[in-house]
Amino acid sequence: MSQEQGITPRAKDFSAWYNDAVMRAELADYSPVRGCMVIRPNGYAIWELIQQALDRMFKDTGHRNAYFPLLIPQSFLAKEAEHVEGFAPEVAVVTRAGGKELDEPLVIRPTSETIIYDSFAKWIHSYRDLPLLINQWANIVRWEMRTRLFLRTTEFLWQEGHTAHVDEADAEREARQMLAVYRRFAEEWMAMPVLTGVKTDSEKFAGALRTYAVEALMQDNKSIQAGTTHHLGQNFAKAFGVQFQTAAGGLDYVWNTSWGLSTRLIGGLVMTHGDDVGIVCPPRLAPVQVVVVPIYRSDAERTAVSEVADRAAKSLRDGGFRVELDAREGMKPGAKYYEWEGQGVPLRLEVGPKDVAKEQVFAARRTGGKAPIPLAGLVDGVRAALEEIQSGLYQAARERREANTRRGVSRDELVALMAGPGGFAFGGFCGRLECELAIKEATKATVRVLPDEEFRSPTPPATCAWCGSPSVVEAVWAKAY
RNA sequence: CGGGGCGUAGCGCAGUCCGGUUAGCGCGCCUGGUUCGGGACCAGGAGGUCGGAGGUUCAAAUCCUCUCGCCCCGACCA
């Protein structure tokens, strides 16, 4: 009866719960360097699954992977005025190497627009070279003041797509397409409902014409930006001289996009589906989808049970599932249950003497509920259970989001909402920076997105939630990660 | 950088106010045995520069000074 690794309940302290859940699942550990983190095998396995799913989606939309250097000449960053200003405070700079001061300091990439567009300038000559569709998987460094495991660390892993196009419309199409990819990934793989939309000028990427994002509401009613795409216009093309000959024989600058999604998503996964026991992995991103636990007393029982458990595990592996058979001796089944639950394994199959006699396994879902599955239909039964868990997680998250969304908020409601429970607040917006800043000052909430049409309210708000003047666009406010 | 908390065994902590001899407890770990359908039990065992430096003292985990680091909350950000 020894409860050793109880974690802080969400209701008591959400931040503490998050740390406990991440540590209990052994996703990550603190590093000797302030602000950095070690991604442990359990966490990295989730990242690998995210990479596999996204990489396929990127390739299917015509992108190719490449790799650009970690170190960037400092002067590159300075070529785009808004960009350098946006990143200056958080850039780490190498000034000394090889035992001497460098002639020109090298920055450790906070993002790779500059060094990539320097290459693009060499590679692109003709409209026939366009579109150029590149992605890279990389680590980047941004010197953050305050860090949290996965959610904000000094170094993190991400992918960054960089593309060049003949005209504005094609670049816009690309930025929109990749936003749709992120949305689909979030919904279908992460089981995480998202809002899509455009960022306000004050929230957009430094150097971009427009920034789009997918935003998801976490269980503490704060929003996380789960993926972001930028239409960069010709800003970087002009700064780096990325020109091409048009079909008509003229000379023009390319139109660029960039888009990224990071290991932060793992934090989003934890905060979307986790409960007071620990993390819950949606089956499609679960490093272990099914754990098989044999149960027995005597040696004779062990023999019979093990035989069935082995066979079950093997047939599931052959069926394409990620399966762990937990045959550890000297550990009671209950102890194993708690361990795997803490790692978020969506489905546990118990195999005991009674099950062997009935030619079944007993399936316990991480999301609740137990039911037998006949051995004869094991693969199909497990597939159905995992699909139900996947869609159930999405539905639950979606219902939670809807329950924590308010529409047509007034100034008083916005203030009260953000001072209290939080959540998504839809309301009218006059579009003025002045109001945006006043709201942020008063409520700590920011405009997460100006939502795309499908997410907007049936009747557009008439007046700005803050100043009461006519609304020009609907906005979604929330506190954010 | 401001406010709050904390550094004692792998993890979680007690001991610190009021200095005193071999620094303790739970979990975990190792060995053997009995167990095993929701966190097992018994017996034996390993494991410590008390974050670091300096000082006070016959004597410091404990008192003083400095310092390093971590977590949480706030100002910046994916």
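Every chain is numbered from 1, with letters handed out A, B, ... down the list of sequences.
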Which residues pass the ring pair (Phe, Tyr, Trp, His ring centres under 6.0 Å) test with W143(A), not counting sequence neighbours? none
For U65(B) versus U57(B), give the span between their C1' atoms, rounded off to a whole number of Å. 16 Å
All ring pair (Phe, Tyr, Trp, His ring centres under 6.0 Å) counterparts of F58(A), not counting sequence neighbours: W259(A)
Among residues at least two apart in sequence or on other chains, which ones pass ring pair (Phe, Tyr, Trp, His ring centres under 6.0 Å) with H162(A)? Y117(A)
Pairwise C1' distance for C27(B) and A14(B), with rounding to whole Å: 15 Å
Please work out if E341(A) contacts a base, only the sugar-phosphate, or nothing of the nucleic acid, heavy-atom cut-off 4.0 Å. base
What residues from residues 292-304 of chain A pass a heavy-atom cutoff of under 4.0 Å to RNA chain B? I295(A), Y296(A), R297(A)
Say we look at G48(B) and A43(B): how far apart would their C1' atoms be, to the nearest angstrom? 25 Å
Applying the salt bridge (Lys or Arg N to Asp or Glu O under 4.0 Å) criterion to D275(A), which one of R24(A), R366(A), R10(A) satisfies it? R366(A)
Considering every strand and a 4.0 Å limit on heavy-atom distances, what is the contact class for L151(A): base, sugar-phosphate, or nothing? base
Let's see if you can work this out: which of A40(B), G38(B), C72(B) has an atom nearest to the side-chain heavy atoms of R148(A)? C72(B)
Side-chain N,O (K332(A)) to OP1/OP2 (G37(B)) below 4.0 Å: yes
Test for a donor-acceptor pair under 3.5 Å between the base of G38(B) and the side chain of E339(A), counting only N and O atoms. no
State whether the aromatic ring of Y338(A) stacks on the base of G39(B), taking stacking to mean ring centres under 5.5 Å apart and ring planes under 30° to each other. yes
Does the distance from a Lys or Arg side-chain N to an Asp or Glu carboxylate O, for D326(A) and R348(A), drop under 4.0 Å? no
Ion pair E436(A)/K440(A), N-O distance below 4.0 Å: no
Check nucleotides 5-11 of chain B against the protein and report each pair of N or O atoms closer than 3.5 Å, with its distance, or say if there are none.
none

If only atom types and distance count, is the side chain of Q289(A) paired as donor or acceptor with the main-chain N or O of R322(A) below 3.5 Å? yes
Can you tell me if D276(A) uses its side chain to pair, donor with acceptor, with the backbone of I7(A) under 3.5 Å? no
Given the structure, check if the side chain of K370(A) and the base of G38(B) hold any donor-acceptor pair shorter than 3.5 Å. yes
Not counting sequence neighbours, which residues clear side chain to side chain contact (heavy atoms under 4.5 Å, CB included) with T111(A)? List them please. H83(A), F87(A), E113(A), R142(A), W158(A), E160(A), F205(A)
Within less than 4.0 Å of OP1 or OP2 of C72(B), is there a side-chain N or O belonging to N19(A)? yes
